[in-house]
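Everything numeric here is computed off the predicted structure, so don't read it as measured data. Letters A, B, ... mirror the listed sequences (proteins, then strands); counts begin at 1.
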Amino acid sequence: MAIVAQSSKAGRISRATLAWIVGLLFFFPIFWMVLTSFKTDADAVKPEFLFFFTPTLENYLNMTENYDYWRFARNSVITSVFATIFALAVGIPCAYAMAFNPSRATKDVLMWMLSTKMLPAAAVLYPMTFLTKSVGLFDTHFMVIVVLMLINLPIVIWMLFTYFKEIPKEIIEAGQMDGVNTWGEIREILIPLAWGGIASTALLCFIFCWNEAYWTVRLTTTDAATLSKLIEGNRAPEGLFFGRLSAVSAAAVGPIVVLGWFCQKQLVQGLTFGAVK
Amino acid sequence: MGRIVLEKVTKSFGDTQVIPPLDLTIEDGEFAVFVGPSGCGKSTLLRLIAGLEHTTSGKVLIDGEDMTEISPSKRGLSMVFQTYALYPHMTVRKNIAFPMRMAGLSEEEQNKKIEAAAESLNLTDYLDRKPGQLSGGQRQRVAIGRAIVRDPSAFLFDEPLSNLDAALRVGMRLEITEMHERMKTTMIYVTHDQVEAMTMANKIVVLQAGVIEQVGTPLELYHKPCNLFVAGFIGSPKMNFIMGTEAAHMGAATIGIRPEHIDVVEEAGVWQGRVGVAEHLGSDTFFHIHDTGLTETLTVRAPGDVQLKHGDIISLNPRTELIHKFDDKGLRIA
Ligand SMILES: Nc1ncnc2c1ncn2[C@@H]1O[C@H](COP(=O)(O)OP(=O)(O)OP(=O)(O)O)[C@@H](O)[C@H]1O
Ligand SMILES: [Mg+2]
C-alpha cells in the first residue's frame, strides 16, 4: 500500500499498462482457443476467418455425443478429488509433526521431498508402465489416484509446513496441557487455525491433479482416462481438426478456470506461501 | 495433591547442557517461584515438569508416580503461558470449556464450572467474545480460567504477567496469590522479577545457569543469602558489596550491606561520602553516594523526607549486626 501511495501518477499508469499487457498476453491463447472452438474445422485453418466467421456449436455437440466427454470429465473429477483428499490426509499429520516436533533431520527431509520433484518423469516411465501392468493396476482409478497423490505430495507438505509454522507453538502446547491427544489436537486446534492455508493447498493440489497429463495419458486407455487423455486423443499432426481440438481443450480447462476464478483470493495466498496475511 | 519431585534431572539441547543434574522437591500446596536472570533455565525447568520437554536423564515424579515418560496431556497439570496461548478461533466460553470437553465432562457440569470461573475472574460479560477482542489482562484471566476448571494437581505459570502494564501486574499478582490462598493447590511460578518472587512465594528457587543457588522462604533469602549471587539478586535496590581492607577488618573477602541498613547521620559517622544522583520515590529516597573509599558507588535508602542536595558531603552509619560476610569463594560465612 505504502509503495503505491508514494508513487507518481505517471508511474502508476505505466505500471497498470504493463500489467494489462502481461495479462492480455497470458489470456490471448485461451481466448483464441475458445474462439476457435466455435469454428468448423475447415474455418479454423483459414486466416480470412480469424475474427469473422459463422459461429457453430457443432464441435461441442459432437464432443458430448461422439467422444463421451462426460465419462472423461467424471474420471477427472474422481481422480483429482480423491488424490487431493489422500494427499491432505498424509500431508497434514506429516507437516504437523515436522512443524511442531522438528528433529535435526527435518530440514533435510524437506529438501529430500522436494528433490524427488527433480527426477525426470521420463526416467521412470518404463518401470512404471511395466509395474502397473504386471500388478493389474494399469488404467484403473486407484492407480491414477495414487500416482497423482504421490507427485503432488512434496508440494502439499511444503505448503502445509509453511502455514503450520506460522501458528504459535504455545497454542499447540496449551492444547497438550489441556489434555488433548495428537489427533484431537490436529482436529480441534490445527485444522481450524490453518483452515485458510489448508484450503489453498487443497485447491492448488486439485488444479495440479486436474491438469496433469504426463502420467494420466500414459497409464490409462479408457476406464480411467481423464480429460487430458481426451485432448491428447484429438491431437492430429496435420492440424485438420483444430476446431474440434479447441472445443475439447476449452471443455477440459473450463471447470478449472471457473474454480480458479471463484477462489482467486485463496490461490494468491497459497502461491505466496502465506506472505500475504 | 501435587507433590513434585525432580531427581537428578538434566537437560541438554544438542551438545549444550542447559540443566546440570538437579534435585528439587516442591511440597503439596506450596507456592514455589523459580527466579533468576534471563536464560538461566527457568522456563526449561518448568517445561520439563510439564512434559513439554523431554528430560535428557533423571526422573520427574508427581505424587510419587514416575511421570518422566508420560505425555503432558496425562500429567494432570495446568499451564498458563506468557503469551496467553488462547485458542483464537474459539470464544472465551469455548476456551474455558475446552479442557473439560476433552476430559468428557457433561455439558451441565461444564457450564457450572464456566460460570463459577467467569464469576471469580470477572469475565462474565466477555464469555461470548473471541480472545482477539479482549485486553491483555482479560486474556490472561481467560488463560487462568482455562487452567482452573480442570482441577489440576498443580498450576504452572511461565512469566504470566510480563506482557501486562505495571498497574495491572500488581492487581493480577494479588489475584493469583489470593487464588492460591483459596485453593491451596501447588503452584509453580516462573519470573525474573524478584519483587514478584518475594511477594508471592512460600518457597523461592534461585537459579543461575541451570544450577539451583538457594532454596528458601522469601525472608530466609533476604536475611541469609547463601552466596554473593543470591545476595545481589534478592532485594531492591541491590545489596552493596564492599571488598578490600574494610572487609578484611571483619574477617571476610567481601561484605554486603543492604541500602536500607545504612543510616544517614548528622554527627560524624563510620563512613563519609558525596551525594550523587537521588531517586525520589516519595516514601523513600535512594541516594547514590560517591567517594566513600569503599566501592564505586554506595546505594543508601533513606526516608522520603531526608533532604540532601547533589554534592553534599554526608556521614553514614551501617548497622553492623546486619552486615553479610562472604569468603573468597563468594560463600556466606555463618
Ligand atoms: N529449544 C531450544 N534449543 C536450544 N537451546 C534452547 C532451547 N530452549 C532454550 N534453550 C537455551 O536454554 C537456556 C535456558 O533457556 P530458558 O528459556 O529456560 O531460559 P529462561 O530462564 O526461561 O529465560 P527467560 O527469563 O529469558 O525466559 C538458554 O540459554 C537458551 O538459549
Ligand atoms: Mg523463560
>> Is it the case that over 12 heavy atoms from other parts of the model lie below 6.0 angstrom from the OH atom of A:Tyr214?
In response: yes

> For B:Gln133, does the CD atom sit with more than 12 other heavy atoms under 6.0 Å from it, leaving out its own atoms?
Replying inline: yes

> Is there side-chain contact between A:Ile189 and B:Phe98, with at least one heavy-atom pair below 4.5 Å?
Replying inline: yes

> Measuring heavy-atom distances to chain A, does B:Thr83 have an atom under 4.5 Å in its side chain, in its backbone, in both, or in neither?
Replying inline: side chain

> Is B:Lys59 atom NZ crowded by more than 12 heavy atoms from other residues, nucleotides or ligands, each under 6.0 Å away?
Replying inline: no

>> Quick check on B:Met90 against chain A: is it the side chain, the backbone, both or neither that has a heavy atom closer than 4.5 Å?
In response: side chain

>> For B:Arg101, which atoms come within 4.5 Å of any heavy atom of chain A: side chain, backbone, both, or neither?
In response: side chain

> So, are B:Arg146 and A:Asp178 salt-bridged, with charged N and O less than 4.0 Å apart?
Replying inline: yes

> Does the side-chain contact (heavy atoms from CB on, under 4.5 Å) test come out yes or no for A:Glu173 and B:Arg47, once each step is laid out?
Replying inline: CA-CA 10 Å; A:Glu173 289 176 343; B:Arg47 292 166 58 81; 2.7 Å; yes

> Most heavy-atom pairs under 4.5 angstrom with chain A, which of B:Gly14, B:Pro72, B:Ala50?
Replying inline: B:Pro72

>> Just so I know, are the side chains of B:Ser71 and A:Asn181 near enough to count as touching, which here means a heavy-atom distance under 4.5 Å?
In response: no

> Is chain B contacted by the side chain of A:Glu188, its backbone, both, or neither, given a heavy-atom distance below 4.5 Å?
Replying inline: both

>> Quick check: closest heavy atoms across B:Leu86 and A:Ile171, and the distance to 0.1 Å?
In response: O-CD1, 3.5 Å

> Counting N and O atoms only, with roles assigned by atom type, does the side chain of B:Arg75 sit under 3.5 Å from a partner on the main chain of A:Met177, one being a donor and the other an acceptor?
Replying inline: no

> Can you name the nearest heavy-atom pair linking B:Met102 to A:Gly179, along with the distance?
Replying inline: CB-O, 4.1 Å

>> Check this for me: A:Phe82, atom CZ, are more than 12 non-hydrogen atoms of other residues, nucleotides or ligands nearer than 6.0 Å?
In response: no

> Of the backbone (N, CA, C, O) and the side chain (C-beta and beyond), which part of B:Ala103 lies under 4.5 Å from a heavy atom of chain A, both, or neither?
Replying inline: neither

